[in-house]
Protein chains: 2
Amino acid sequence: MPALSKREQIVTEALKLFYRNGFHATGIDRIISEAKVSKKTLYNHFRSKDELVLATLRKRDELFRNYIMRETELRSRTPRERLLAIFDVIEAWFQESSFSGCMFINASAEFSESDHPCHILCAEHKRLVREYLRDLAVQAEAQAPEELSKQLNLLIEGATVEAHVCGDHDAASPAKRIAEMLLNQAF
Amino acid sequence: MPALSKREQIVTEALKLFYRNGFHATGIDRIISEAKVSKKTLYNHFRSKDELVLATLRKRDELFRNYIMRETELRSRTPRERLLAIFDVIEAWFQESSFSGCMFINASAEFSESDHPCHILCAEHKRLVREYLRDLAVQAEAQAPEELSKQLNLLIEGATVEAHVCGDHDAASPAKRIAEMLLNQAF
DNA sequence: GCCAAGGGAAACCGATCGGTATATCTTTTT
DNA sequence: AAAAAGATATACCGATCGGTTTCCCTTGGC
């Protein structure tokens with residue numbers, strides 16, 4: 001029983017490559033080379049490249065949301081504090097050297113038809129993040145938790161895009177200032 | 001003298017295909033087929049696919065910023081009104097059947113290295129849009145025009161991402177509501 | 001009429017794409 | 001020990017990639 005199963009090796013390496021270089025620009029040969037796995041093994045675990053892409057996106061969803069929730073809950077205690085702390089978490093994310101934007105925004109750009117399985121999965125990821133925000137807003141007893149979570153989510157998306165496209169790693173600060181204002185009015 | 005020069009034919013058609021299907025996913029053969037132009041003609045006008053991509057991005061920057069400014073100024077008169085009207089303009093944009101997100105966000109996803117010419121051009125486009133916002137904020141005599149324009153820009157980016165990834169064509173509304181709040185506090 | 005220029009169609013280039021097949025070797029199970 | 005399963009490297013497949021070249025035809029200027 002290896003520390004990492006072949007499947008996990010492949011997904012882990014594909015995740016890195018897809019995130020850094022894009023989906024269409026990353027070839028199967030490159031993936032098996034970096035993952036140190038034969039092509040047959042890859043196609044033994046995944047029926048097609050598309051399925052591998054979906055698997056990496058599912059993995060990323062799991063890793064990323066866990067990261068956000070864990071870090072947020074580590075930095076603050078009350079739900080209301082957490083709604084603000086998220087902006088500190090994404091700021092730290094922006095400053096990672098491997099930061100290359102939101103993988104789901106990137107994937108939606110490459111798989112732009114709204115009914116493509118990858119695009120659907122991206123929308124689902126965004127829904128789950130917003131759901132987390134809404135839960136926090138409900139716990140914090142905000143007046144309009146649904147609207148508040150939508151607005152905070154907008155700020156997060158905007159900051160993420162700004163950080164990636166313009167290389168502005170402090171893009172979370174103005175977003176956080178708006179969030180403070182929103183929170184002051186939401187109770 | 002043709003109505004559209006060969007060069008314009010190529011750029012126009014490449015723009016449509018790159019925007020709809022992505023850059024790496026769109027091949028040269030497809031472009032010349034749709035543009036009804038021979039491959040030799042294309043490579044007579046552009047040294048490489050990368051140069052064609054850059055040319056389409058420059059064209060898009062010109063078309064898009066003109067569209068935003070024209071529509072914004074058509075819908076409102078005072079600078080302050082215009083800072084709000086922009087959100088109506090992007091809402092109309094989201095509802096176009098050909099809407100496929102912000103082409104520069106999409107391009108940044110595919111050309112993610114920050115020093116890639118395409119990525120640089122995307123950052124430049126975003127800078128020019130933000131500059132327009134800042135000019136309006138200055139004209140409107142906002143207290144902190146730089147900060148205000150940054151914040152409004154965040155909202156626009158966030159709404160655009162939300163509209164594309166989640167197919168939420170009303171994503172501009174919550175953004176506009178926040179913008180109204182920001183404007184009420186900025187004077 | 002002549003001639004250069006530009007464009008068109010299509011062959012061609014080496015490389016790479018996603019994906020399959022084969023044949024050998026190692027590991028695990030029984 | 002034997003058999004089954006899984007992994008390996010490698011060759012191969014047809015298609016497509018970005019890009020070049022060849023040949024022919026049209027067009028406009030003189």
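In what follows, chains carry the letters A, B, and so on, assigned in the order in which the sequence lines appear, proteins first and then strands, with residues in each chain numbered from 1. Everything numeric here is computed off the predicted structure, so don't read it as measured data.
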Check your understanding: How long is the line joining CG of A:Asn21 and P of C:dC17, in whole Å?
Key -> 12 Å
Check your understanding: Phosphate oxygens OP1/OP2 of C:dG6: is one of them under 4.0 Å from a side-chain N or O of B:Thr41?
Key -> no
Check your understanding: What integer distance in Å separates A:Asp29:CG from C:dC17:P?
Key -> 6 Å
Practice item. Check whether any side-chain N or O of A:Lys39 sits under 4.0 Å from OP1 or OP2 of C:dA21, and answer yes or no. Key: no
Exercise for review: Would you mind telling me which residue lines up with the more 5' stretch of DNA chain C, A:Lys40 or A:His24, judged by nearest nucleotide?
Suggested key: A:His24
**Study point:** Basic-acidic side-chain contact under 4.0 Å: B:Glu147, A:Arg177
**Key:** yes
Check your understanding: OP1 or OP2 of C:dG6 sitting under 4.0 Å from any side-chain N/O of B:Asn44?
Key -> no
Review point. Do the side-chain N and O atoms of B:Glu13 and B:Gln9 include a donor-acceptor pair separated by under 3.5 angstrom?
Key: no
Review point. Taking atom P of D:dT8 as reference, at what distance in whole Å does atom CG of A:Leu42 sit?
Key: 11 Å
Review point. What is the distance from CZ of B:Phe46 to C1' of C:dG7, rounded to the nearest Å?
Key: 15 Å
Practice item. Give me the ring orientation class for B:His119 and A:His164: parallel if the planes are under 30° apart, tilted from 30 to 60°, perpendicular past 60°. Key: perpendicular
Point to revise | Nucleotide D:dC17, atom P - distance to CD1 of B:Ile32 in whole Å | key: 10 Å
Review point. Which nucleotide sits closest to the side chain of B:Lys6: C:dG7, C:dC17, D:dT20?
Key: C:dG7
Practice item. Check the distance between C:dT16's P and A:Ile31's CD1 and give it to me in whole angstrom. Key: 16 Å
**Study point:** Nearest-Å distance for atom pair CD1/C1', residues B:Ile28 and C:dG8
**Key:** 17 Å
Point to revise | Side-chain donor-acceptor pair present, B:Gln95, B:His169, cut-off under 3.5 Å | key: no
Exercise for review: With the side chain of B:Ser48 defined as its heavy atoms from C-beta on, choose the nearest nucleotide among D:dG19, C:dG7, C:dG18.
Suggested key: D:dG19
Review point. For A:Tyr132, is the NZ or CZ atom of A:Arg65 found under 6.0 angstrom from the centre of its six-membered ring and inside 45 degrees of the ring axis?
Key: no
Exercise for review: Indicate, with a heavy-atom threshold strictly under 4.0 Å, whether B:Ser33 touches base, sugar-phosphate, or nothing.
Suggested key: nothing
Study note, to complete from the structure: In whole angstroms, the gap separating P of D:dG18 from CD of B:Glu51 amounts to 15 Å
Practice item. Report which part of the nucleic acid A:Lys49 touches: base, sugar-phosphate, or nothing (heavy-atom distance under 4.0 Å, all strands). Key: sugar-phosphate
